[in-house]
Novice: 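One structure coming up, written as structure tokens, with questions to follow.
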Amino acid sequence: MSAVVTRFAPSPTGFLHIGGARTALFSYLYSKGRGGKFLLRIEDTDRERSTQEAVDAIFEGMAWLGLKSDFESIYQTQRFARYAEVVEQLLQSGDAYYCYCSKEELDQMRAEQQARKERPRYDGRWRPEAGKPLPPVPADIKPVVRFRNPAEGQVVLKDLIKGDIVFENRELDDLIIARGDGVPTYNFCVVVDDMDMGISHVIRGDDHVNNTPRQINIFKALGKTPPAYAHVSMILGADGAKLSKRHGALGVMEYRAMGFMPEALLNYLVRLGWSHGDQELFTREEMLAKFDFDHVSAAPARFDMEKAYWVNHQYLKVTDPAIVAPEFEWHLRRVGADPSAGPSLVAVIEQQRERCRTLVEMAEKSRFFYAEPDGYNEKDAAKHLTAEAATVLEGLVVALTALPDWNAPALHVAINTLAEAKGLGLGKVAQPIRVAVVGMAISPPIDQTLYLLGRERTLARLNAAVAYVRNKS
RNA sequence: GUUCCCAUCGUCUAACGGUUAGGACAUCACCCUUUCACGGUGAGUAUAGGGGUUCGAAUCCCCUUGGGAACGCCA
């Protein structure tokens, strides 16, 4: 079997959205898992809508996900000379021809066809046929070039995901491959690029299925064997509606902002439409080794945020904290905390990861280690910062001031001893401490929390809480 | 309108003619528990409908219904 070469070919008109990311992932996994190559191609022939910001956003997203291209990225706008050459070749061979229809003429044609409830299509008025007279060439029209699609027979698309799909050539019209200004069009550039770059497998969204037979015909006219195709179904929103800018479509970088680890997002995405028995969690190596099209679903899938969170949580729990730390640091800053003004990130991650599904959650719940809490949670304070609790906290201040070594086991003993001395359950002691030190009644185990927070901060916050209670009454 | 695609628990899916239709997320209950969680145990929930083919159909075929895509000098 020859080398597998796949490509991801976005048009730079916006950020890298979640559907595109999945298509890119499938392409990446399929080739890299088979010792092949993966490349990125920017389809920017539409200069009106393409922007440099979008190109940057796509690169940023791909980089964050760790989907590396094996080659330097290709821009279609840099290949115009090559496209012109192939257009000329097709013109020479009679597989393409000039069409002098104006846009208005075309619009009118479409309108009439729709009025007759027909499928809008070019009627072939400039298509050369043996013995057929062509209209007189208008002087003021710059012609477009159309591909001369075969009139008879069928095209069989052997799709790796959807199976064989048969198209009748008579249903296909002659598409424009070069505009009046000479700029080539998408369906044509794709073919030339895929051909020149030796793409073996075209993996793309299934909104391209209907383009494929025409592309196959162009390959044939050029005397080339078309690549294999895999059309991936799209991703729907939680409500089953199509994801769009207006409706919940988010760029991958927004998932970073929501607290996802890139590997976790990838894992969720790979399982959306693909399965490997009952396995839910995959390392990158496992994805590469196991991904294939035999188990990719042809049906569209809904994006389920709850499950995505679950996958992310699984990653947070098992990933080396040193790897999580840089992302965690990024999120801490976002919640206004100074990561250098508190305990080691790795130590905090180890304590928090069991209880946080996202890094946003982790940053919010860990902020108190690095910054002063923003007052007390009202309910928690009312419940736990009572007059009785104040005396407990005072006792604790004394005990902790005298504590020789500041470590979790010692703190554990000190707190237990205090609870027993006061004849209170651990809850009666631990909860007021939490509120005093964290600002609310939620934290990692209290001994760990105080240990990580350090003696100085602990005592200061304990004293502040006592003062708060006294002031109140 | 035309062409094409799709259809198993609420969601992601397993099953490649023979299973009490399995797993995961979510939900609920119980256990564990100093908070929040983690974890453990258990429960309910699905083959869209109708026809065939077959000893036997979630699985193959047809129809219906319901979703979706495409039909640009956009990509």
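Within every chain, numbering begins at 1; the chains are lettered A, B, ... in the order of the sequence lines, protein sequences first and strands thereafter.
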Novice: Does A:Y186 have its ring centroid less than 6.0 Å away from the ring centroid of A:H208?
Specialist: yes
Novice: Assign A:D173 to base, sugar-phosphate, or nothing according to its heavy-atom contacts below 4.0 angstrom with the strands shown.
Specialist: nothing
Novice: Give the nucleotide from the list B:C12, B:A75, B:C73 with an atom nearest to the side chain of A:L272.
Specialist: B:C12
Novice: Could you tell me if the ring centre of A:F293 sits under 6.0 Å from that of A:F291?
Specialist: yes
Novice: Answer with base, sugar-phosphate or nothing: what part of the nucleic acid does A:E280 contact at a heavy-atom distance below 4.0 Å?
Specialist: base
Novice: A:N187 near the nucleic acid: base, sugar-phosphate alone, or nothing, with a heavy-atom cut-off under 4.0 Å?
Specialist: base
Novice: Who does B:U59 pair with, Watson-Crick or G-U, both distances under 3.5 Å?
Specialist: none
Novice: Is there any protein nitrogen or oxygen under 3.5 Å from a nitrogen or oxygen in nucleotides 66-68 of chain B, and what are the pairs?
Specialist:
none

Novice: Starting at CZ of A:R116 and ending at P of B:C71, how long is that distance when rounded to a whole Å?
Specialist: 20 Å
Novice: Does B:U20 pair with anything, Watson-Crick or G-U wobble, both distances under 3.5 Å, and if so, with which nucleotide?
Specialist: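 Pair assignment: B:U20 / none.
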Novice: Atom pairs, N/O to N/O, protein against nucleotides 36-42 of chain B, distance under 3.5 Å?
Specialist:
residue : atom : partner : partner atom : Å
B:C36   : O2   : A:R355  : NH1          : 2.6
B:C36   : N3   : A:R355  : NH1          : 2.5
B:A37   : O2'  : A:E354  : O            : 2.6
B:A37   : O2'  : A:R355  : N            : 3.3
B:C38   : O3'  : A:K317  : NZ           : 2.9
B:C38   : O2'  : A:E354  : OE1          : 2.7
B:G39   : OP1  : A:K317  : NZ           : 2.9

Novice: Is A:R214 positioned over the aromatic face of A:F147, cation under 6.0 angstrom from the ring centre and no more than 45 degrees off axis?
Specialist: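 Relative to the ring axis of A:F147, which defines the angle, A:R214 lies outside at least one limit.
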Novice: Just to be sure I understand the rule, does A:R302 reach a base, reach only the sugar-phosphate, or reach nothing, if contact means heavy atoms closer than 4.0 Å?
Specialist: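 The residue A:R302 makes sugar-phosphate contact but no base contact.
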Novice: What contact category does A:C99 fall into here, base, sugar-phosphate, or nothing, at under 4.0 angstrom with non-hydrogen atoms?
Specialist: nothing
Novice: Measure the distance from CD1 on A:I216 to P on B:C4 and round it to the nearest whole Å.
Specialist: 15 Å
Novice: If you measure from the P atom in B:A7 to the same atom in B:G44, how many Å do you get, rounded?
Specialist: 28 Å
Novice: Quick one about A:R434 and A:Q431 (side-chain donor to acceptor, distance below 3.5 Å, no hydrogens or angles considered), yes or no?
Specialist: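 Distance-only check passes for A:Q431 and A:R434.
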Novice: Looking just at side-chain N and O atoms, do A:D304 and A:Y268 make a donor-acceptor pair shorter than 3.5 Å?
Specialist: no
Novice: Base, sugar-phosphate alone, or nothing: which one does A:K103 contact when heavy atoms must sit under 4.0 Å apart?
Specialist: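 It contacts base atoms.
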Novice: Check whether the side chains of A:N416 and A:E420 place a donor and an acceptor atom closer than 3.5 Å, and report yes or no.
Specialist: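 Checked: A:N416/A:E420 side chains show no N/O donor-acceptor pair below 3.5 Å.
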